[in-house]
S.K.: 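If you scroll down you'll find the structure; I have some questions about it.
From a predicted model like this one, the values you see are computed outputs, not experimental measurements. A note on names: the letters A, B, ... follow the listed sequences, proteins ahead of strands, and every chain is numbered from 1.
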Protein chains: 2
Amino acid sequence: MLTVSVENYLKAILHLQVEGDDRVSTTAIAQKVASTPASTSAMLAKLGERGWLEHQPYHGVRLTQKGHRVAMDILRKHRLWECFLVDYLGFEWDQVHDIAEELEHVGSVELINRLDAFLGFPKLDPHGDVIPGPNGRFRTVAARTLLTEAPRNLELVVVGVVDGGDAFLRHLGVLGIQLGTRMTVLERLSFDGSLHIKCPGDEEVQLLAPSVGQRLWVDQSSPSPEIVFPEEEDLQ
Amino acid sequence: MLTVSVENYLKAILHLQVEGDDRVSTTAIAQKVASTPASTSAMLAKLGERGWLEHQPYHGVRLTQKGHRVAMDILRKHRLWECFLVDYLGFEWDQVHDIAEELEHVGSVELINRLDAFLGFPKLDPHGDVIPGPNGRFRTVAARTLLTEAPRNLELVVVGVVDGGDAFLRHLGVLGIQLGTRMTVLERLSFDGSLHIKCPGDEEVQLLAPSVGQRLWVDQSSPSPEIVFPEEEDLQ
DNA sequence: TTAAATATTTAGTCTTGCCTAAAAATTAAG
DNA sequence: CTTAATTTTTAGGCAAGACTAAATATTTAA
Ligand SMILES: [Mn+2]
Ligand SMILES: [Mn+2]
Ligand SMILES: [Mn+2]
Ligand SMILES: [Mn+2]
C-alpha cells in the first residue's frame, strides 16, 4: 500500500540516488526522512519485499523500475503544487516546501494532470528544479552548470538552486539573488573557492561564499530584452 | 494530535449534529466514517478524553466548542477545495468529493486563507453548501427550502443539494437538474409525496420521486435575465 | 413489566510505523 | 592482519486505528 510514509521514503531514496551514489545507504535515508536507522532498516526490508527497491542487507538499496516510477510521480506532484502556491497563491519560494510536502500525497492522477494543464505544463518549479512529466520522466531542460564551475567574465543567469532548504533560500534573499538574477564571475579565489561576482547595475563587486556558489545552477545569460532590436519584418 | 482519522470523525459528527439530532449515536458515526461501532466506540472515548467532545457512554456524543471549531475548519477546507476543483480545474460536481476528502487534511492555515482569497471568498461550494469562514462559523446565506416543502405554482431555483453523494448528483444530471435550474411545483401527490414539476422551456411535466424532492434546496426564482429589459439609459 | 431486539462497550488481535538498546557485520586504522 | 570505529540489523516495546466476537446496557414490544 502506498502510505504517506512509504511515499516519503521512496522520494528520499530517489533524491539520494539522483544526487550521485548508485546504492543508497540506510543512514542517509534515515537522515533524509528524519527517522532512525533502525526504523529505516525495517522499512527498507518491507519496501524490498513489495518490489519497490532492491535491498542488499548491509550494502544499501536501489529503486526498482516500479519504485522509481512511484517516486517520480511524488516528485512531480510536489513540484507542480509548489508552482501553484507561488504563481497563484502568492507564496514566496521559501514558504512552499512544507505545504507541498503534504499536498504531494493527495492521490488522484486526474487531479495532478489537470493541475499541470492549469499551470501551463511548467518545466521548472519555483526553485528551478525540473518537473517530471506524466510519463514519470524528467522533461528535457536546458544545460546548466554550478556557479562554482562556470566560466569567468561571461554574463550568467541563475536558473536553479541545489538542495534549497528554506534557510538557504532566505539567505539568497539577503544577498539579493533569485531565479533570473544575472551575474558575472570575475575571479575564483584559490584559498577556499569564494567567488568575486558582479551583477549588472550594482556598483560593488560581491564576494560569494563557496557554500553559496556550489548551490546555484547558472546558464549563459541570453541578451537581455532591452537590447534586442526587432527585425524589420517583425514590425507590424 | 489531529490525525486524518480524528479529523474525519470530528467532521462526520458535525455533519450529523447539523442534520438534526443534538446527541449523535455511535452507530451513525460508524456508518458515516465507514468503520465498525466497536472501533468508533474506542475512538469516541479518546476524543472525549482529549476534549473534542462530550461522551456519555451509551447515550451519544456532542462536540465541545473546541471540537466544533476543528470540524468547521475541516469543512471549510473541504468546500473551498471543491470550489477550486470545479471552477479552475474543470471537474464536474460529482467528481470532486473524494479528492476534497484528501485535500481537506492539508494543515496550513495560511494556505487555506490564501486559497479563499484566490477564489474570491465564495459563500457556497459547487453543491450549494455553505462554506464556513476563517472564524469557524457559517457565512450567512439566503433562506432556502426543501423542494418538498416549497409552495406550489411559484417559480423556484435550485440552490443546493442535501447530502449529495456522487450517485445522486449523476442522477440529477440524467434528470437535467443542476444548480440554477428553474422549476415550478404544480402538484404534490398525496400517495408518496412525488412532485409534478415543470421547467420553463420544457414541454413535458416531470414527475419527481420524493427521494429527489427531499434532497433539493430551492429558493424563490428571481426574474430570469432573458426577460429583464434594459432601461433606456443602459443602452449604449 | 418482563422478554426480545438493538445499540454500545469491552476483550482480545492485527498491522503500520516509530522508538531504544543490543548484537552483528562492515569498514577503517594501526 | 588484527583491532577499533562505524554502520546496519535484530530484539523488544509502544501508540494509533482498525477488526471480530462476546458481554452488557438500553429500547421496544408483547
Ligand atoms: Mn511528503
Ligand atoms: Mn522545489
Ligand atoms: Mn477526509
Ligand atoms: Mn460539497
Side-chain angles (χ1 to χ4, degrees), chain A residues 1-13 16-17 19-63 67 70-71 74 101-102 104-107, chain B residues 1-13 15-17 19-63 67 70-71 74 101-102 104-105 107:
Chain A
M1 204 57 232
L2 273 182
T3 63
V4 168
S5 191
V6 164
E7 291 186 342
N8 282 336
Y9 274 95
L10 292 176
K11 194 182 61 157
I13 295 165
L16 293 166
Q17 220 168 253
E19 278 173 17
D21 302 322
D22 188 42
R23 288 212 118 77
V24 179
S25 77
T26 302
T27 318
I29 299 165
Q31 196 180 338
K32 203 104 178 172
V33 301
S35 107
T36 62
S39 306
T40 302
S41 189
M43 180 58 97
L44 295 181
K46 194 165 22 178
L47 296 182
E49 280 168 23
R50 301 193 184 168
W52 283 312
L53 49 78
E54 281 162 32
H55 184 205
Q56 287 216 314
Y58 293 101
H59 295 90
V61 299
R62 181 165 36 189
L63 293 173
V70 171
I74 307 297
E101 201 61 41
E102 292 186 61
E104 70 188 2
H105 303 291
V106 174
Chain B
M1 205 57 233
L2 273 181
T3 63
V4 168
S5 192
V6 164
E7 291 185 344
N8 282 335
Y9 274 95
L10 292 177
K11 194 182 58 157
I13 296 165
H15 263 119
L16 293 166
Q17 218 168 255
E19 277 173 18
D21 302 323
D22 188 43
R23 288 214 118 77
V24 180
S25 78
T26 302
T27 317
I29 299 165
Q31 196 179 338
K32 203 103 179 173
V33 301
S35 107
T36 62
S39 306
T40 302
S41 189
M43 180 58 98
L44 295 181
K46 194 164 21 179
L47 295 182
E49 281 168 24
R50 302 193 184 170
W52 283 313
L53 49 77
E54 280 161 34
H55 184 207
Q56 286 216 315
Y58 293 100
H59 294 90
V61 299
R62 180 164 38 187
L63 293 173
V70 171
I74 308 296
E101 201 61 42
E102 292 187 60
E104 71 188 0
H105 303 291

S.K.: Measure from the side-chain N and O atoms of B:H59 to the backbone N and O of B:P57, and report whether any donor-acceptor pair falls under 3.5 Å.
M.R.: yes

S.K.: Side chain of A:V6 only, heavy atoms from C-beta on: which candidate in C:dT20, D:dG17, C:dG17 is closest?
M.R.: C:dG17

S.K.: Please state how far atom CE in B:M1 lies from atom P in C:dG17, giving the value in whole angstrom units.
M.R.: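 Checked: the CE to P distance equals 18 Å.
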
S.K.: Given 3.5 Å as the limit, does a donor-acceptor pair link the side chain of B:E7 with the main chain of B:I74, or not?
M.R.: no

S.K.: Would you call A:K11 and A:H105 a side-chain contact if the rule is heavy atoms closer than 4.5 Å?
M.R.: no

S.K.: Looking at B:D22 and B:R62, what are the two nearest heavy atoms and their distance?
M.R.: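 Residues B:D22 and B:R62, closest heavy atoms: OD2-NH1, 2.8 Å.
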
S.K.: Rounded to whole Å, how long is the line connecting atom CG of B:N8 with atom C1' of D:dA18?
M.R.: 14 Å

S.K.: Of the options D:dG17, C:dC19, C:dT16, whose atoms approach the side-chain atoms of A:R50 most closely?
M.R.: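 My answer, after comparing the listed nucleotides, is C:dT16.
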
S.K.: Step through the shown structure and confirm whether more than 12 heavy atoms of other residues, nucleotides or ligands are within 6.0 Å of CD on A:Q31.
M.R.: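 Open.
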
S.K.: Counting C-beta onward and ignoring hydrogens, is there a side-chain heavy-atom pair between A:L44 and A:I13 closer than 4.5 Å?
M.R.: yes

S.K.: Could you pull out the closest heavy-atom pair between A:A30 and A:P37, with the gap in Å?
M.R.: CB-N, 3.7 Å

S.K.: Dot-bracket, 5' to 3', for DNA chain C please: Watson-Crick or G-U pairs under 3.5 Å, [ ] where pairs cross earlier ones, | where the partner sits on another strand, dots elsewhere.
M.R.: ||||||||||||||||||||||||||||||

S.K.: To the nearest 0.5 Å, tell me how far B:I29 CD1 sits from B:N8 CG.
M.R.: 13.0 Å

S.K.: Write down the atom of B:L10, the atom of B:A71, and the distance for their closest heavy-atom approach.
M.R.: O-CB, 3.6 Å

S.K.: Rounded to the Å, how far apart are B:K46 NZ and D:dA16 C1'?
M.R.: 5 Å

S.K.: Provide, to the nearest angstrom, the distance between the CG atom belonging to B:L47 and the P atom belonging to D:dA16.
M.R.: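 These atoms are roughly 12 Å apart.
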
S.K.: Looking at A:H55, A:R23, A:Q56, which hits side-chain contact (heavy atoms from CB on, under 4.5 Å) with A:V61?
M.R.: A:H55

S.K.: All N/O contacts under 3.5 Å from nucleotides 1-5 of chain D to the protein, with atom names and distances to one decimal?
M.R.:
none

S.K.: Sort me out a list of protein N/O and nucleotides 9-12 of chain C N/O pairs below 3.5 Å, or just none if empty.
M.R.:
| residue | atom | partner | partner atom | Å |
| --- | --- | --- | --- | --- |
| C:dT9 | OP1 | B:H55 | NE2 | 2.7 |
| C:dT9 | OP1 | B:Y58 | N | 3.1 |
| C:dT9 | OP2 | B:T26 | OG1 | 3.0 |
| C:dT9 | OP2 | B:S41 | OG | 2.8 |
| C:dT9 | O5' | B:S41 | OG | 3.1 |

S.K.: In this structure, how many angstroms lie between the P atom of C:dG17 and the CD1 atom of A:I29, rounded?
M.R.: 15 Å

S.K.: Using a 4.0 Å heavy-atom cut-off across all strands, classify A:S35 as base, sugar-phosphate, or nothing.
M.R.: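 The residue A:S35 makes sugar-phosphate contact but no base contact.
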
S.K.: Taking only side-chain N and O atoms of A:S5, does any of them lie within less than 4.0 angstrom of OP1 or OP2 on C:dC18?
M.R.: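 The answer is yes; a side-chain N or O of A:S5 sits under 4.0 Å from OP1 or OP2.
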
S.K.: Just how far, in rounded Å, is C1' of D:dA18 from CD of B:Q31?
M.R.: 18 Å

S.K.: Identify the heavy atoms of B:S5 and B:M43 that sit nearest to each other, and give their distance.
M.R.: OG-CE, 3.6 Å

